[in-house]
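Accompanying notes for the structure given below.
Numbering of ligands and ligand atoms starts at 1, following listing order. Note that the structure is a prediction, hence the values are computed from the model and not measured.
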Amino acid sequence: MNFCSQQYQAHSIKAHFCDFAFLRNLLAFLSLMVVVWVISAFIFSAPSFAGNGRDKSIIPRDKTNPLSNLWSGYYYSTKDIQALQKNRAENPGFKYVTEGAQLWEQKTGTTQKSCAKCHGKPSVSMDEAGARYPQYYAPLKRLINLEQRINLCRKTYQGAKSFEYESKELLSLTAFVRSQARARPVRVKIDGFAKPFFEKGKAFYYQRRGQLDMSCANCHENNYGKQLRSTVLSQGQANGFPSYRVAWQKIGSLHRRFQGCNKLVRAKPYAYGAEYYVNLELYLYWRGTGLEVETPGVRD
Ligand code: HEC
Ligand code: HEC
């Protein structure tokens, strides 16, 4: 028998419920929607890393990562340097990003095509490329990094000369493209064709070298957080590059930093863009999986 029939409505307490039946159902429906929303947000949220690595560490998801907590180099910087990086108007790296934006629009080469002509809005077309380079490039059967990808487009699609590595133009365009992925978590591909190159990068990382006979790991894995002369050692993460360095008085590539670290232990540095360095770059980005892209970072 219908619960809300007329005879009930007149007298019983249940009648009150009947009056509110519609409201009750609505309420039940709404709460169900909230539950569904919460559950789906939980399941579908892009990698739910707990921190950002700047002021809260990230626990790497991949248990083969030798680091138990990931920290961006930002975390180990002085308060002054952090303030410079954070403030877009004062971050000296953004001057290069702005120049990169101009180059993006410039028609050049035999085809007189701009990057924008093919790629359109950079915030859409380049929103995640900066978070997943270096990557395997089949025609060359090896990895290419972002600088090399940009130069490939210069040569093959614009009919223009490659920019020299570490030139202001290449640094600016790289910083511009990578900055489109700012705040996105680093996520590089290390399986499939990329695997052997990843393994080479890893071997390079742990190899002792130079007169001091030290590996990258000796400083950045075993001693981060400790003082080395006047600086605090970081985990040597790649997520802020190209970065502006006060010591350089300009922006510089990750490979320039590699050369500097090689020289620190009095080892022979490799050339910019060398395959050794690109493999190392992939390995380093993988170690920082989940850290947010911070390009242009600022360091002292
Ligand atoms: C003798 C110690 C030492 C060794 C060995 C060393 N580095 Fe460094 N590295 C430093 C110092 C000092 C800095 C500047 C402060 C910092 O970020 O640790 C630095 C900075 C870096 C940075 C910049 C981090 C940032 O957030 O800006 C990267 C990347 C890096 N190192 C990678 C490497 C790699 C790769 C190797 C191995 C080829 C290596 N380092 C070997 C001392 C070392
Ligand atoms: C004539 C069209 C054309 C022009 C001009 C061009 N590109 Fe490209 N670009 C492409 C195509 C097509 C691809 C796809 C990949 C391939 O070639 O394998 C690509 C790929 C890329 C990628 C990799 C994107 C990804 O998601 O992996 C980057 C970064 C890039 N271009 C940057 C640039 C920049 C910077 C310029 C200007 C200096 C430029 N491109 C000029 C056509 C162009």
Side-chain angles (χ1 to χ4, degrees), residues 71-77 81 100 103-109 111-119 122 125-133 135 137-139 144 146-160 162-163 169-170 173-174 176-178 180-181 201 204-210 212-241 243-245 247 252 254-267 269-270 276-277 280-281 283-285 287-288 291 294 297-300:
W71 292 106
S72 161
Y74 174 96
Y75 178 76
Y76 298 97
S77 300
I81 296 286
L103 288 169
W104 178 265
E105 298 291 340
Q106 209 171 77
K107 291 180 191 160
T108 186
T111 64
Q112 281 299 297
K113 281 183 180 159
S114 66
C115 316
K117 165 96 178 159
C118 294
H119 292 293
S125 62
M126 297 291 144
D127 65 336
E128 42 90 49
R132 67 168 154 74
Y133 270 81
Q135 69 180 38
Y137 184 63
I144 53 168
L146 202 52
E147 283 89 341
Q148 291 165 334
R149 174 65 257 185
I150 291 168
N151 265 338
L152 269 173
C153 277
R154 291 262 310 164
K155 267 168 66 177
T156 38
Y157 295 124
Q158 293 184 308
S162 293
F163 286 129
E169 288 86 355
L170 191 55
L173 256 179
T174 307
F176 172 71
V177 171
R178 190 151 255 143
Q180 306 302 314
F204 193 98
Y205 191 88
Y206 287 102
Q207 192 190 319
R208 291 168 172 273
R209 57 170 52 79
L212 301 194
D213 197 30
M214 288 173 83
S215 71
C216 313
N218 287 147
C219 283
H220 294 300
E221 186 171 310
N222 308 329
N223 286 303
Y224 63 85
K226 294 184 192 149
Q227 193 101 14
L228 182 84
R229 292 187 212 131
S230 61
T231 41
V232 179
L233 277 171
S234 73
Q235 293 182 338
Q237 296 286 3
N239 59 318
F241 283 87
S243 282
Y244 183 93
R245 263 195 87 191
L254 185 59
H255 291 195
R256 183 170 180 191
R257 180 73 246 189
F258 289 167
Q259 290 187 343
C261 285
N262 280 162
K263 288 179 200 158
L264 263 183
V265 298
R266 307 216 178 82
Y270 292 90
Y276 283 119
Y277 279 175
L280 179 63
E281 192 176 338
Y283 178 67
L284 219 55
Y285 273 109
R287 287 172 72 95
L291 288 176
E294 289 175 23
V298 182
R299 302 287 182 263
D300 53 13

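Not close to ligand 2: Phe176, with no non-hydrogen atom less than 4.0 angstrom away. Under a 4.0 angstrom heavy-atom cut-off, Glu128 registers as lying outside contact with ligand 2. Every heavy atom of Ser125 sits 4.0 Å or more from the atoms of ligand 2.
Considering backbone and side-chain atoms alike, Arg154 places every N or O at 3.5 Å or more from each N or O of ligand 2. Where the criterion is an N or O separation shorter than 3.5 Å, residue side chain and backbone included, Lys113 fails it with respect to ligand 2.
Distance alone, capped at 3.5 Å, places no donor-acceptor pair between the Asn222 side chain and the Cys219 backbone. In this structure a side-chain-to-backbone donor-acceptor pair under 3.5 Å is missing from Ser72 to Tyr75.
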Where does ligand 1 get N/O contacts under 3.5 Å from the protein, atom by atom?
residue, atom, partner, partner atom, Å
ligand 1, 7 (N), His220, NE2, 2.8
ligand 1, 9 (N), His220, NE2, 2.8
ligand 1, 17 (O), Ser234, OG, 2.7
ligand 1, 18 (O), Ser234, N, 2.7
ligand 1, 18 (O), Ser234, OG, 3.1
ligand 1, 26 (O), Arg299, NE, 3.0
ligand 1, 26 (O), Arg299, NH2, 3.4
ligand 1, 27 (O), Arg299, NE, 3.0
ligand 1, 31 (N), His220, NE2, 2.8
ligand 1, 40 (N), His220, NE2, 2.9

Quick one, Tyr277 with Asn262, criterion side chain to side chain donor-acceptor pair (under 3.5 Å). Give me CA distance, side-chain angles, the key distance, then yes/no. CA-CA 11 Å; Tyr277 279 175; Asn262 280 162; 2.5 Å; yes

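No side-chain heavy atom of Gln148 sits under 4.5 Å from any side-chain heavy atom of Tyr137. The shortest side-chain heavy-atom distance between Gln207 and Ser215 does not fall under the 4.5 Å cut-off. Side-chain contact between Cys153 and Gln158 is absent, with no heavy atoms from C-beta onward closer than 4.5 Å.
In this structure, the separation between CG on Leu254 and CG on Leu284 is 6.0 Å, given to the nearest 0.5 Å.
Inspection of the Glu294 and Asn239 side chains reveals an N or O donor paired with an N or O acceptor under 3.5 Å. Checking His255 against Glu281 by side-chain atom types alone, a donor-acceptor pair falls below 3.5 Å. Side-chain contact check for Tyr206 and Glu221: at least one donor-acceptor pair (N or O, by modelled atom type) lies under 3.5 Å.
With sequence neighbours left out, Phe163 forms a ring-ring contact (aromatic ring centres under 6.0 Å, His included) with no residue at all. Phe204 is linked by a ring-ring contact (aromatic ring centres under 6.0 Å, His included) to Tyr270, Tyr276, counting only residues two or more places apart in sequence or in another chain.
Contacts with ligand 2 closer than 4.0 Å are made by no heavy atom of Lys117, backbone or side chain.
Using cut-offs of 30° and 60° for the angle between ring planes, the Tyr76 and Tyr224 rings count as perpendicular.
Excluding waters, the count of protein N/O/S atoms less than 2.8 Å from atom 8 (Fe) of ligand 2 comes to 2.
Within ligand 2, counting atoms from 1 as listed, the ones closer than 4.0 Å to a heavy atom of Ser114 are 5 (C).
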